[in-house]
Amino acid sequence: MPELPEVETTVRLLRPHLEGRVLGQVRVHWLRTLGGMSVAAFARSLRGARVRSLHRRAKYIVVELERDGAPGGALVVHLRMTGRLYVDPAHVPADPFVKVEVELDNGHWLRFLDVRKFGRFEYSNPAASLLPELGPEPLGPEFTPEWLQGALKQRRRRIKPLLLDQGFLAGLGNIYVDEALHQAGIHPLTIAARVDRSRSDRLHAAIQATLSAAIEREGSSFDRFYRTPEGNPGSYQHQFQVYGREGLPCRTCGRVIERMVVGQRGTHLCRHCQKR
DNA sequence: AGCTACTCCTGGTAGC
DNA sequence: TGCTACCAGGAGTAGC
């Protein structure tokens, strides 16, 4: 599932292919990918616009556009579960699961492949107010050990659903939450306000270490869905300590990794390393 | 405030 | 072999 490291990898590898390009015609093969927007409005918004910059906010890919040197709104893409964004030469036939295509002015097409159809494109001009309320970036300057401790203190929620809440902290998903909680030695059902300062500091370090290491390895690919824009799998799945390791020995203590359901999410933990 | 349940989706797979 | 039922899950929403 694309989370922060996978989206960051997508943006980094896509950037050189998109920045400076002028957009042409569009093809839409699944209407709901556009949310409520009509194909005509979508095509009008993109055609003739130049890509000014590409960046990531939380799990969103933000494509800033311009027209005649002035701001031209923004295209925002969320990959959700199975979305992939990449560039193909025009002569390469589109994969049957491609839902949206955008022509570039260099003989290539930007393609959005999405087997489960949860991914979304949005366009807004001006670019502001397109994203929902989001918490700080875990790898940004706002996310300090002090901020985390203070924010946890005010919450009575269980730590795992809280960390998955994009309005609390932006970019984490099911995999990296499980990994970070294990690395910090925190049980996923712990009430946030009861996480003490030393555990909170460990959690802060674990979140940053996990995400940074995953970005270095271009994300995690453990099924056929996530691939980089170059078509390669990431390799962080080989570093997983708990995710998908139910029944296998914990790499820290040797006890068996268990799986439980927390907030409708599969949750992996070592009961010995992560006591309540 | 925070919980559960439900929706959107479909390929893969477990069970028979 | 071939069928069905169920599963994964990010985010939004409804209802308690």
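Within every chain, numbering begins at 1; the chains are lettered A, B, ... in the order of the sequence lines, protein sequences first and strands thereafter.
- Dashed line: the shortest gap from a side-chain N or O of A:R32 to OP1 or OP2 of B:dC9 is under 4.0 Å.
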Are A:F222 and A:Y243 close enough, and set up right, to give a ring pair (Phe, Tyr, Trp, His ring centres under 6.0 Å), and what steps lead you there? CA-CA 10 Å; A:F222 48 87; A:Y243 188 83; 5.4 Å; yes

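- Under the rule for a ring-ring contact (aromatic ring centres under 6.0 Å, His included), A:H17 has no partner lying at least two apart in sequence or in another chain.
- Of all the residues in residues 215-225 of chain A, not one reaches under 4.0 Å from DNA chain C with any non-hydrogen atom.
- Atoms CG (A:L113) and P (B:dT10) sit 13 Å apart, rounded to a whole Å.
- Under a 4.0 Å N-O distance rule, the pair A:E137/A:R56 qualifies as a salt bridge.
- Residues passing the ring-ring contact (aromatic ring centres under 6.0 Å, His included) test with A:F97, sequence neighbours excluded: none.
- In the set C:dA8, C:dG9, B:dC9, the nucleotide with an atom closest to the side chain of A:M81 is C:dG9.
- Between A:R52 and A:E19, no side-chain nitrogen of the basic residue sits less than 4.0 Å from a carboxylate oxygen of the acidic one, so the salt-bridge criterion is not met.
- Considering only residues two or more places apart in sequence or on other chains, A:R47 meets the side-chain hydrogen bond (donor to acceptor under 3.5 Å, both in side chains) condition with none of them.
- When the C1' atom of B:dC9 is taken as reference, atom CZ of A:R84 falls 18 Å away, rounded to whole Å.
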Dump every N/O contact between nucleotides 3-6 of chain B and the protein below 3.5 Å, one line per pair.
from  : atom 1 : to     : atom 2 : distance (Å)
B:dC3 : OP1    : A:R158 : N      : 3.3
B:dC3 : OP2    : A:R157 : NE     : 3.1
B:dT4 : OP2    : A:R158 : NH2    : 3.1
B:dA5 : N7     : A:Q264 : NE2    : 3.1

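- For A:D165, the side-chain hydrogen bond (donor to acceptor under 3.5 Å, both in side chains) test picks out A:R157, with sequence neighbours left out.
- The side chain of A:H78 contributes no N or O atom lying less than 4.0 Å from OP1 or OP2 of C:dG10.
- In this structure, CG of A:L163 is placed 13 Å from P of B:dG2, rounded to the nearest angstrom.
- For the OP1/OP2 pair of C:dG9 and a distance below 4.0 Å, the side-chain nitrogens and oxygens of A:R116 include no atom meeting the criterion.
- Using a 4.0 Å heavy-atom distance criterion, A:P132 is classed as a sugar-phosphate-only contact.
- For A:Y60 and A:T267, each mapped to the nucleotide of DNA chain C holding its nearest heavy atom, the one lying further toward the 5' end belongs to A:T267.
- Not counting sequence neighbours, A:K99 has no partner by the side-chain hydrogen bond (donor to acceptor under 3.5 Å, both in side chains) test.
- A distance of 6.0 Å or more separates the ring centres of A:F42 and A:Y123.
- Each of A:R155 and A:V115 lies near DNA chain B, and the nucleotide nearest A:R155 is the one positioned closer to the 5' end.
- A rotation axis mapping the C1' atoms of four pairs onto the next four is fitted at both ends of the helix from B:dG2-C:dC16 to B:dC16-C:dG2 over five pairs, and the angle between these axes is 50° to 10 degrees.
- At C:dA8, none of the side-chain N or O atoms of A:Y226 fall inside 4.0 Å of OP1 or OP2 (strictly under the cut-off).
- Rounded to a whole Å, the CG atom of A:L79 is 11 Å from the P atom of C:dA11.
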Walk me through it: do A:T33 and A:K117 pass the test side chain to side chain donor-acceptor pair (under 3.5 Å)? CA-CA 7 Å; A:T33 302; A:K117 303 177 175 174; over 6 Å; no

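- Atom CG of A:L164 is separated from atom P of B:dG2 by 15 Å (rounded to the nearest Å).
- The side-chain ring of A:F118 is stacked on the base of C:dG10, judged by centre separation under 5.5 angstrom and plane angle under 30 degrees.
- Using a 4.0 Å cut-off on heavy atoms, the residues of residues 165-177 of chain A that approach DNA chain C are A:Q166, A:N174, listed by number.
- A:R12 has no carboxylate O lying under 4.0 Å from a charged side-chain N of A:E218, or vice versa, which leaves the two without a salt bridge.
- The aromatic rings of A:F168 and A:W147 lie tilted to each other, with the angle between the two planes from 30° to 60°.
- Residues passing the ring-ring contact (aromatic ring centres under 6.0 Å, His included) test with A:F118: none are found, sequence neighbours excluded.
- With respect to A:K160 and A:D178, a salt bridge is recorded, a charged nitrogen being found less than 4.0 Å from a carboxylate O.
- Among residues two or more places apart in sequence or in another chain, the side-chain hydrogen bond (donor to acceptor under 3.5 Å, both in side chains) test is passed with A:R197 by A:E146, A:D201.
- Nucleotide B:dC8 holds its P atom 16 Å from the CG atom of A:D114, rounded to whole Å.
- Taking the side chain as every heavy atom from C-beta outward, A:L139 and A:S212 approach each other to under 4.5 Å.
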Pairs under 3.5 angstrom, nitrogen or oxygen only, protein versus nucleotides 13-16 of chain C, please.
none

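- In this structure, A:Y176 and A:F240 have perpendicular ring planes: the angle between them is above 60°, well past the 30° mark.
- Out of C:dA8, C:dA11, B:dG11, the shortest distance to the side chain of A:F97 is found at B:dG11.
- One can place CG of A:L162 at 14 Å from P of C:dA11, the figure rounded to the nearest angstrom.
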